[in-house]
A.B. asks: 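Right, I'll just put the structure down here and ask away after.
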Amino acid sequence: MTESLGLAPTNPQLQAIGRPCALARRFANAAGSRAYDLFVPIGRRNVPLSLVVMLHGCSQSSRDFAIGTRMSELAEEMGFLVAYPDQPRSANMAKSWNWFRDGDQRRDRGEPSIIAGLTRHVVNEFNVDPTRVYVAGLSSGGAAAAVMAVTYPDLYAGVGIHSGLACGSAASMTGALLAMRRGASSRPRRATHSVPTIVFHGDRDTTVSPVNADQAIAQAQPDAELDIATDQGRSDGGTAYTRTVLSRPDGTWSSEQWVLHGARHAWSGGHPAGSHTDPAGPDASREMLRFFMAHPMGRASDHIDDRRLPTGEAMNA
């Protein structure tokens with residue numbers, strides 16, 4: 001299964017390299033349970049914190065993903081909590097999030113309900129600013145992050161999609177493989193609530209076609225006139241990129257699409273000790289946090305009351 005998706009197995013030795021201390025936890029509800037690591041920045045417990053939920057890619061583990069993205073190190077610097085849910089092989093043999101199954105693309109069902117419940121539990125237990133909760137992921141995790149933005153726009157103020165796909169791109173494993181190669185056969189439905197979105201994708205990605213990045217950013221756009229600005233640059237490692245910023249003229253919404261020229265299926269700017277990383281690329285982790293910090297939820301009234309309702313059972317592991 002892993003080989004069919006074009007990814008090499010994760011090296012288990014990578015899981016313990018240079019990882020900041022994190023709390024090992026587990027969340028469970030009626031849809032199932034998932035273990036997750038929670039990074040808590042030191043010395044910031046008396047001030048409201050932002051939260052980022054990071055969803056790893058196929059064949060990865062949550063700990064491998066933390067190492068490769070360096071998100072915990074940046075979160076310490078910038079004052080974020082980071083939750084890293086782990087997809088077990090019992091849920092998917094390739095450790096892929098099941099973004100392509102109908103029951104895992106709906107609110108209050110399947111994996112979206114588990115991820116949202118886990119998120120709410122961290123918000124309730126820690127001093128999290130409820131207007132600064134975000135979700136991001138790579139590959140299948142990026143596709144799952146897109147699902148979370150569509151199904152829980154009242155919970156997440158922003159989403160980061162790296163080498164992923166739009167919500168609704170497929171409804172079966174066969175459809176998933178086709179969408180990965182050439183994009184969704186029909187245009188994915190536009191989100192009913194436009195969550196600010198930042199997308200990264202290599203234009204030489206042969207695992208998930210770059211057309212999926214176009215579809216993901218199109219799904220996030222509001223049905224309104226947008227201003228479009230484009231700039232080009234080159235990372236310190238030599239990777240050229242084109243960044244397109246889309247925004248509403250009144251400043252109430254914006255999103256970004258980064259096209260990484262010559263890059264393949266890997267987290268841009270990641271640490272080589274983690275799997276599926278491209279250290280030469282622009283720092284996707286830092287850029288995502290920069291984008292998230294600029295995009296709190298618009299108003300407190302944007303959140304529904306069930307953020308504080310019981311959502312399942314959480315356990316320290």
Side-chain angles (χ1 to χ4, degrees), residues 22-40 49-58 60-63 65-66 80-138 140-160 164 167-168 171 191-193 195 297 302-317:
L23 305 176
R25 303 165 70 84
R26 179 172 291 274
F27 176 83
N29 65 10
S33 69
R34 293 296 183 275
Y36 68 100
D37 286 344
L38 180 67
F39 172 77
V40 182
L49 299 173
S50 301
L51 169 65
V52 181
V53 178
M54 293 287 288
L55 303 175
H56 64 75
C58 177
Q60 292 183 309
S61 70
S62 58
R63 296 178 182 180
F65 195 43
F80 277 73
L81 286 161
V82 189
Y84 299 94
D86 192 73
Q87 179 75 317
R89 293 195 185 278
S90 59
N92 184 292
M93 284 299 296
K95 290 181 64 65
S96 169
W97 298 97
N98 294 301
W99 56 270
F100 49 85
R101 298 195 314 203
D102 181 69
D104 292 305
Q105 299 183 66
R106 296 179 181 272
R107 185 182 178 100
D108 297 330
R109 291 181 59 186
E111 290 176 359
S113 76
I114 298 172
I115 296 169
L118 178 158
T119 302
R120 290 193 184 107
H121 185 79
V122 175
V123 170
N124 291 342
E125 184 176 358
F126 290 82
N127 188 16
V128 174
D129 180 348
T131 71
R132 292 186 176 275
V133 178
Y134 310 94
V135 61
L138 170 68
S140 74
V147 170
M148 299 309 296
V150 169
T151 55
Y152 291 91
D154 50 338
L155 182 58
Y156 300 102
V159 59
C167 177
T192 56
H193 181 96
V195 175
M297 191 77 76
D302 288 336
H303 297 270
I304 59 174
D305 291 340
D306 73 352
R307 179 187 291 276
R308 296 289 173 177
L309 294 180
T311 54
E313 178 184 0
M315 298 163 280
N316 292 338

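Worth saying up front: this structure is predicted, and the values here are computed from it rather than measured. Residue numbers start at 1 and run along the sequence shown.
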A.B. asks: How long is the straight-line distance from NE2 of His56 back to OG of Ser96, given to the nearest 0.5 Å?
C.D. replies: 9.0 Å
A.B. asks: Could you give the distance from CD1 (Ile114) to CZ (Arg109), rounded to the nearest 0.5 Å?
C.D. replies: 12.5 Å
A.B. asks: Apply side chain to side chain contact (heavy atoms under 4.5 Å, CB included) to Leu49 and Asp129, showing your working.
C.D. replies: CA-CA 6 Å; Leu49 299 173; Asp129 180 348; over 6 Å; no
A.B. asks: For residues Leu51 and Val123, determine if any side-chain heavy atom of one lies less than 4.5 Å from a side-chain heavy atom of the other.
C.D. replies: yes
A.B. asks: Of Val53, Val40, Leu81, which is the lone residue that meets side-chain contact (heavy atoms from CB on, under 4.5 Å) with Val122?
C.D. replies: Leu81
A.B. asks: Would you find a donor on one side and an acceptor on the other, under 3.5 Å apart, between the side chain of Asp37 and the backbone of Ala24?
C.D. replies: no
A.B. asks: Identify the two heavy atoms, one from Cys167 and one from Val150, that lie closest to each other, and give their separation to 0.1 Å.
C.D. replies: CB-CG2, 3.7 Å
A.B. asks: Grab the two heavy atoms, one from Ala28 and one from Ser33, that are nearest each other, plus how far apart they are.
C.D. replies: CB-CB, 3.6 Å
A.B. asks: Side chains of Glu111 and Gln87 only: does a donor on one sit below 3.5 Å from an acceptor on the other?
C.D. replies: yes
A.B. asks: Would you check if the side chain of Gln60 reaches a backbone N or O of Gly57 as a donor-acceptor pair within less than 3.5 Å?
C.D. replies: yes
A.B. asks: Check for a donor-acceptor pair, side chain of Asn98 on one end and backbone N or O of Ala91 on the other, with a separation under 3.5 Å.
C.D. replies: yes
A.B. asks: Within this structure, what is the CG-CZ distance for the pair Asn92 and Phe100, rounded to the nearest 0.5 Å?
C.D. replies: 5.5 Å
A.B. asks: With a 4.5 Å cut-off on side-chain heavy atoms, are Leu118 and Tyr36 touching?
C.D. replies: yes
A.B. asks: Would you confirm whether Arg107, through its side chain, and Thr151, through its main-chain N or O, come within 3.5 Å as a donor-acceptor pair?
C.D. replies: yes
A.B. asks: List the atom of Ser113, the atom of Asn29, and the distance in Å for their closest heavy-atom pair.
C.D. replies: O-ND2, 3.3 Å
A.B. asks: How far does CE of Met148 sit from CG of Leu155, to the nearest 0.5 angstrom?
C.D. replies: 6.5 Å
A.B. asks: Regarding Tyr156 and Thr119, is there a side-chain donor-to-acceptor distance under 3.5 Å anywhere?
C.D. replies: yes
A.B. asks: Rounded to the nearest 0.5 Å, what separates atom OG in Ser61 from atom NZ in Lys95?
C.D. replies: 6.0 Å
A.B. asks: Spell out, as yes or no, whether a donor-acceptor pair under 3.5 Å connects the side chain of Gln105 to the backbone of Trp99.
C.D. replies: yes
A.B. asks: CZ of Phe39 to CZ of Phe80: how many Å apart, nearest 0.5 Å?
C.D. replies: 12.0 Å
A.B. asks: I want to check something: taking the side chain as every heavy atom from C-beta on, are Asp86 and Arg34 in contact at a cut-off of under 4.5 Å?
C.D. replies: no
A.B. asks: Do Val128 and Ser50 have side chains that get closer than 4.5 Å, going by heavy atoms?
C.D. replies: no
A.B. asks: Given Ile115, which of Tyr152, Phe27, Trp97 fulfils the side-chain contact (heavy atoms from CB on, under 4.5 Å) condition?
C.D. replies: Trp97
A.B. asks: Work out which heavy atom in Leu55 is nearest to a heavy atom in Ala145; give both atom names and the distance.
C.D. replies: CD1-N, 3.8 Å
A.B. asks: Got Phe126 and Leu38 here, is their nearest side-chain heavy-atom distance under 4.5 Å?
C.D. replies: yes
A.B. asks: Please report the closest heavy-atom contact between Val82 and Tyr84, naming both atoms and the distance.
C.D. replies: CG1-CZ, 3.3 Å
